*Asks:* 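Please find one structure pasted underneath; my questions will follow.
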Amino acid sequence: MDAAEVEFLAEKELVTIIPNFSLDKIYLIGGDLGPFNPGLPVQVPLWLAINLKQRQKCRLLAPEWMDLEKLEEIRDHERKEETFTPMPSLYYMELTKLLLNHASDNIPKADEIRTLIKDVWDTRTAKLRVSADSFVRQQEAHAKLDNLTLMEINTSGAFLTQALNHMYKLRTNLQPSDSSQSQDL
Amino acid sequence: MTEELDLPGQDSDAGSEEVVLTPAELIDRLEQAWMNEKFAPELLENKSEIVECVMEQLQHMEENLRRAKKGDLKIEKFFPHVLEKEKTRREGEPSCLSPEECAFAREYMANTETYLKNVALKHMPPNLQKVDLLRAVPKPDLDSYVFLRVKERQENILVEPETDEQRDYVIDLEEGSQHLIRYKTIAPLVASGAVQLI
């Protein structure tokens, strides 16, 4: 899965916007949205929010967790703990990137927030690298990865699973057995 | 206008019961089927009923939807095994291929055999002119590692050892937890919908 596909899934997340137009309730396959009234906040999926913002039809409101102090707490907590702490949103990376790229004028302290999120991301991916390394070294058969977001798993996942597959093949070929899958040439 | 859709039930024990889904739930199921198919090392059960319902909802949607679902060439890579699985499928078990995919797989096989014959086999000594595609084409690697998220709690899943010194051990899968494990052990859980590949 590439990052664009993970972003596609992230775009279903709901965010609050303040439209500057009015529209009756709309009925989409994924659910009903609206009605839209100028000045009144309404929740819509991220993909729609970004689209409306690009057409200058709304203002975006930062999610509750996208706040300087809260993110500093999260960052410090993540640095202290050895395991992964739960993130405020399963798609924190994608939400931050899309909101800050398209609506930084609506998000207070956008630059500091960008830096904080990057710090959290770096800490978590470093932990992931370390734990992947020990997984491979100790030849574990199973790992529990609660609190990891899809984007983090996806970034290192493809490489990790392929490496593990190769190692598994090398290991099982050391022991000749009837059920081995190697094919006769 | 949130009409509800009738979808044949996934429970094959009680025969086909009708399950009523909202369009939003239908989209969720399609997404889950898409992700599972993408990350599984083998061809999974065809979810054509979900696809058909979505097609009804969006008549102007193109064939790309189905192609995107099975988009990483799994049929072409594993075609003799896929056809073998279809042949030996018992009555009443759900099929892995839609009728169009079945026709595609058969044609692909016929074309490949003709091609091999005309390009190489014809020129080999007579007693070597047969090729067993089932043995020549690599099987899907069910020992691949996959990431998964647990939707329904499972108990006592066996984890096989990697090295000789290790022993088998069992784990419980808590609802909502995420894991990295070999595909083979949890394949039936993917089919039943108890876990979601990520």
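Hydrogens, waters and symmetry mates play no part in the numbers below; they use all other heavy atoms, side chains included. What you see is a predicted model, and the numbers here were worked out from it, not measured in a lab. In what follows, chains are A, B, ... by sequence order, proteins preceding strands, each numbered from 1.
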*Asks:* Check the surroundings of atom CZ in A:Arg59: do more than 12 heavy atoms from other residues, nucleotides or ligands lie under 6.0 Å from it?
*Replies:* no
*Asks:* Is there a side-chain contact between A:Leu160 and B:Tyr145, using heavy atoms and a 4.5 Å cut-off?
*Replies:* no
*Asks:* Applying the 4.5 Å side-chain criterion to the ILVMFWY set and letting contacts propagate, would A:Leu98 and A:Leu9 be lumped into a single cluster?
*Replies:* yes
*Asks:* Just how far is it from atom CG of A:Asp146 to atom CZ of B:Arg149, taken to the nearest 0.5 Å?
*Replies:* 10.5 Å
*Asks:* Find out if a path of hydrophobic residues (ILVMFWY) with successive side-chain heavy-atom gaps under 4.5 Å connects A:Ile107 to A:Leu61.
*Replies:* no
*Asks:* Do A:Leu14 and A:Leu52 belong to the same hydrophobic cluster, where Ile, Leu, Val, Met, Phe, Trp and Tyr are linked whenever their side-chain heavy atoms lie under 4.5 Å apart, directly or via other members?
*Replies:* no
*Asks:* Please classify the contact of B:Ile27 with chain A as side chain, backbone, both or neither, using a heavy-atom distance under 4.5 Å.
*Replies:* side chain
*Asks:* Kindly check if the number of other-residue, nucleotide or ligand heavy atoms within 6.0 Å of CZ (A:Arg79) is above 12?
*Replies:* yes
*Asks:* Rounded to the nearest 0.5 Å, how far does CD of A:Glu140 lie from CD1 of B:Ile181?
*Replies:* 11.5 Å
*Asks:* Sort B:Ile171 into side chain, backbone, both or neither according to what part of it lies under 4.5 angstrom from a heavy atom of chain A.
*Replies:* side chain
*Asks:* Enter the distance from A:Leu148:CG to B:His179:NE2 here, rounded to the nearest 0.5 Å.
*Replies:* 12.0 Å
*Asks:* Between B:Gln178 and A:Phe84, is any pair of side-chain heavy atoms under 4.5 Å apart?
*Replies:* no
*Asks:* If you compare all heavy atoms of B:Val159 against all heavy atoms of A:Ala141, which two are closest, and at what distance to 0.1 Å?
*Replies:* CG1-CB, 3.3 Å
*Asks:* Using non-hydrogen atoms only, which part of A:Lys169 is less than 4.5 Å away from chain B: side chain, backbone, both, or neither?
*Replies:* side chain
*Asks:* Heavy-atom count check: over 12 atoms from other residues, nucleotides or ligands less than 6.0 Å from B:Tyr115 OH?
*Replies:* no
*Asks:* As an exercise, state the distance from CZ of B:Phe39 to CD1 of A:Ile153, rounded to the nearest 0.5 Å.
*Replies:* 9.0 Å
*Asks:* Taking side chain as C-beta onward, heavy atoms only, is B:Ile157 less than 4.5 Å from A:His142?
*Replies:* no
*Asks:* Would A:Thr172 and B:Asp143 satisfy side-chain contact (heavy atoms from CB on, under 4.5 Å), going step by step from the backbone distance to the final call?
*Replies:* CA-CA 11 Å; A:Thr172 46; B:Asp143 287 315; over 6 Å; no
*Asks:* Using the rule that Ile, Leu, Val, Met, Phe, Trp and Tyr join whenever any side-chain heavy atoms are under 4.5 Å apart, tell me whether A:Leu68 and A:Leu60 fall into a single cluster.
*Replies:* yes
*Asks:* Determine whether more than 12 heavy atoms belonging to other residues, nucleotides or ligands lie under 6.0 Å from atom CZ of A:Phe8.
*Replies:* no
*Asks:* Identify which part of A:Leu150 has an atom lying under 4.5 Å from any heavy atom of chain B, answering side chain, backbone, both or neither.
*Replies:* side chain
*Asks:* Would you indicate whether B:Asp132, at its atom CG, is surrounded by more than 12 heavy atoms from other residues, nucleotides or ligands within a distance under 6.0 Å?
*Replies:* yes
*Asks:* Taking the side chain as every heavy atom from C-beta outward, state whether A:Tyr168 and B:Asp141 have any atom pair closer than 4.5 Å.
*Replies:* no
*Asks:* Heavy-atom pairs under 4.5 Å with chain B - which of A:Lys12, A:Lys25, A:Met167 has more of them than the others?
*Replies:* A:Lys12
*Asks:* Heavy-atom cut-off 4.5 Å, strictly under: side chain, backbone, both or neither for B:Glu31 against chain A?
*Replies:* side chain
*Asks:* Which of the residues A:Leu164, A:Val6, A:Asn147, A:Asn154 is involved in the greatest number of heavy-atom pairs with chain B at under 4.5 angstrom?
*Replies:* A:Leu164
*Asks:* If you group Ile, Leu, Val, Met, Phe, Trp and Tyr by side-chain heavy-atom gaps below 4.5 Å, do B:Ile186 and A:Phe135 land in one group?
*Replies:* yes
*Asks:* So with a 6.0 Å cut-off around NZ of B:Lys151, is the heavy-atom count from everything else above 12?
*Replies:* yes
